[in-house]
Protein chains: 2
Amino acid sequence: MTISPMIESFVFHFGEMGSRWGFNRTVGQMYALMVVSDKPINANEIAEVLNISRGNVSMGIKELQSWQLIQLHHYPGDRKEYYSPKGDIWDMANTVFEERRKREVDPTLSLLRDILLEQPGNDSEAYAQNRMREIHDLLETLVAWTSELQGLNPDKLNRLMKLGTGVSKVMDLLSKANKSSSAKSKSRNKDQLPFRDTSNTHSDSPMRDDSND
Amino acid sequence: MTISPMIESFVFHFGEMGSRWGFNRTVGQMYALMVVSDKPINANEIAEVLNISRGNVSMGIKELQSWQLIQLHHYPGDRKEYYSPKGDIWDMANTVFEERRKREVDPTLSLLRDILLEQPGNDSEAYAQNRMREIHDLLETLVAWTSELQGLNPDKLNRLMKLGTGVSKVMDLLSKANKSSSAKSKSRNKDQLPFRDTSNTHSDSPMRDDSND
DNA sequence: TTGAATGTTCAGTAATTTCTGAAAGTTTAA
DNA sequence: TTAAACTTTCAGAAATTACTGAACATTCAA
């Protein structure tokens with residue numbers, strides 16, 4: 001079994017990129033191969049096409065399963081297992097986002113929460129905690145947003161995009177619709193800011209300003 | 001120079017996570033250190049605190065500069081360079097997103113565009129192109145969205161979140177505001193769907209359905 | 001129960017990435 | 001100029017990560 005140059009270039013590229021997304025090159029190639037294959041493929045085919053060992057394929061399959069990315073198939077009279085991507089492209093993106101959140105963001109949030117419970121022992125710790133609080137709040141916001149986005153299916157999302165909408169515009173609409181809070185809200189309405197916490201020891205400015213230079 | 005255990009745990013954790021975000025452990029630690037430090041620090045301090053070689057620090061600085069993440073400072077009578085994070089936490093997040101987009105998503109989009117211009121030579125290639133088109137469109141949508149988000153500053157973003165808004169709700173609002181297109185739009189309004197392209201050879205269903213199992 | 005077909009594991013090896021430290025480069029004050 | 005103070009570079013070493021392939025495990029038909 002072989003693949004055309006066109007498909008090959010996609011598979012290789014996806015392999016390189018895959019390593020950015022939390023799995024290694026081979027696993028990325030394996031998944032790419034499944035995605036563009038018009039039917040489920042088995043481990044031997046994968047090993048042959050990608051020119052890697054059978055053992056490596058087995059480990060890659062295990063990894064992809066831990067990411068919940070693949071679906072197993074069996075054919076009568078054939079004892080081999082066949083693999084295909086689970087769900088559609090949008091499902092895939094959601095799954096990857098979610099897995100990454102679990103593996104990367106959640107532990108960070110947990111650590112930050114723990115640290116923020118500690119009493120700062122001196123000025124540096126107090127300063128550090130303020131920066132950490134900012135990061136913590138930012139991560140929480142991003143998590144909230146992405147989980148909102150994940151609730152959408154692709155055509156909804158696209159319709160939203162296609163309306164030519166800026167998020168800013170969305171916000172204006174929302175403020176109007178929800179005019180209870182946020183009274184016109186110029187630019188930095190102190191009591192609504194989770195960032196730039198100033199409650200603790202140090203200077204008001206979140207970033208040190210360099211006295212010289 | 002040393003750091004407290006509290007700060008150390010943050011710096012180390014950030015180092016581990018940093019590798020997920022496109023730079024290596026040491027670079028992540030260096031940046032974390034700058035973020036929680038209440039004043040700019042110099043290369044020797046970094047090397048001492050993190051217990052790494054001076055040359056390594058130099059390379060890390062270079063890397064952070066290529067990400068546009070740090071600011072230089074000089075003090076009179078001191079020839080050393082001092083470093084601090086550039087901008088606030090939100091700027092940092094924006095910068096990282098943007099750099100990653102440039103390094104990871106843009107090349108993928110470019111490759112996909114090129115491939116999609118080719119004429120499929122057979123059914124497999126046609127099938128593969130359809131999957132690639134889905135990925136291409138999804139990536140474009142995500143890029144559009146994140147660039148929208150990047151246009152917001154943190155308090156705007158938070159106000160948006162704090163309004164208790166689901167994105168779905170946003171969409172409803174928008175459809176109302178923009179009722180030119182999308183006539184009520186139940187669920188799969190064919191002519192508005194960029195995903196699930198059906199214009200090419202293969203079956204209408206985007207995912208193969210396995211005939212057995 | 002056997003053995004052929006297949007899947008999994010893991011110790012050792014290979015490939016890749018990161019780090020060190022000495023040498024070379026740069027800047028500035030005198 | 002010189003030389004001290006500092007930064008950068010990069011060849012080789014160390015650390016980490018990925019891969020192979022042979023041994024082991026499992027399944028199933030006969």
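Within every chain, numbering begins at 1; the chains are lettered A, B, ... in the order of the sequence lines, protein sequences first and strands thereafter.
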Rounded to whole angstroms, how far apart are [atom1] on [X] and [atom2] on [N]?
X       : N      : atom1 : atom2 : answer
A/Leu72 : C/dT6  : CG    : P     : 15 Å
B/Leu64 : D/dT7  : CG    : C1'   : 16 Å
B/Met30 : D/dT7  : CE    : C1'   : 13 Å
B/Ile70 : D/dT7  : CD1   : P     : 12 Å
B/Glu63 : C/dC19 : CD    : P     : 11 Å
B/Met59 : C/dG21 : CE    : P     : 12 Å
B/Ile46 : D/dT7  : CD1   : C1'   : 13 Å
A/Tyr75 : C/dT6  : OH    : P     : 15 Å

ask   = Is a salt bridge present between A/Glu140 and A/Arg113, judged by a nitrogen-to-oxygen distance below 4.0 Å?
value =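 Result for this pair is yes, salt bridge flagged.
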
request  = Could you tell me whether A/Asp106 and A/Arg101 make a salt bridge, using a distance below 4.0 angstrom between a side-chain N and a carboxylate O?
outcome  =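 Looking at A/Asp106 and A/Arg101, the cut-off is met.
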
Phosphate-side-chain proximity, [X] and [N], N/O vs OP1/OP2 below 4.0 Å:
X       : N      : result
A/Asn42 : C/dG7  : no
A/Asn24 : D/dC19 : yes
A/Lys62 : C/dT9  : yes

request  = Specify whether A/Phe10 and A/Phe14 have parallel, tilted or perpendicular ring planes, treating 30° as the upper limit for parallel and 60° as the lower limit for perpendicular.
outcome  =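 Ring orientation of A/Phe10 relative to A/Phe14: tilted.
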
key: Axial cation check for B/Tyr127 ring with B/Arg131, 6.0 Å and 45° limits   =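 Cation-pi check for B/Arg131 and B/Tyr127: passes.
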
key: N/O donor-acceptor pair under 3.5 Å between A/Glu45 side chain and A/Asn42 backbone   =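 Yes, because the side chain of A/Glu45 sits within donor-acceptor range (under 3.5 Å) of the backbone of A/Asn42.
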
Nucleotide of [options] approaching [X] most closely (side-chain heavy atoms):
X       : options               : answer
A/Arg79 : D/dA5, C/dA5, C/dC19  : C/dA5
B/Arg54 : C/dC19, D/dT8, D/dT9  : D/dT8
B/Thr26 : C/dT6, C/dT18, C/dT20 : C/dT18
B/Arg25 : D/dC19, C/dT9, D/dT16 : D/dT16
B/Lys80 : D/dT7, C/dT9, C/dG7   : D/dT7

request  = Let me know, please, whether A/Ile61 or B/Ile52 comes out on the 5' side of the other along DNA chain C by nearest nucleotide.
outcome  =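 On the 5' side of the pair lies A/Ile61.
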
query = Contact class for A/Asn56 vs. all strands (heavy atom < 4.0 Å): base, sugar-phosphate, or nothing?
reply =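 The answer is base, as A/Asn56 lies within the cut-off (heavy atoms under 4.0 Å) of a base atom.
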
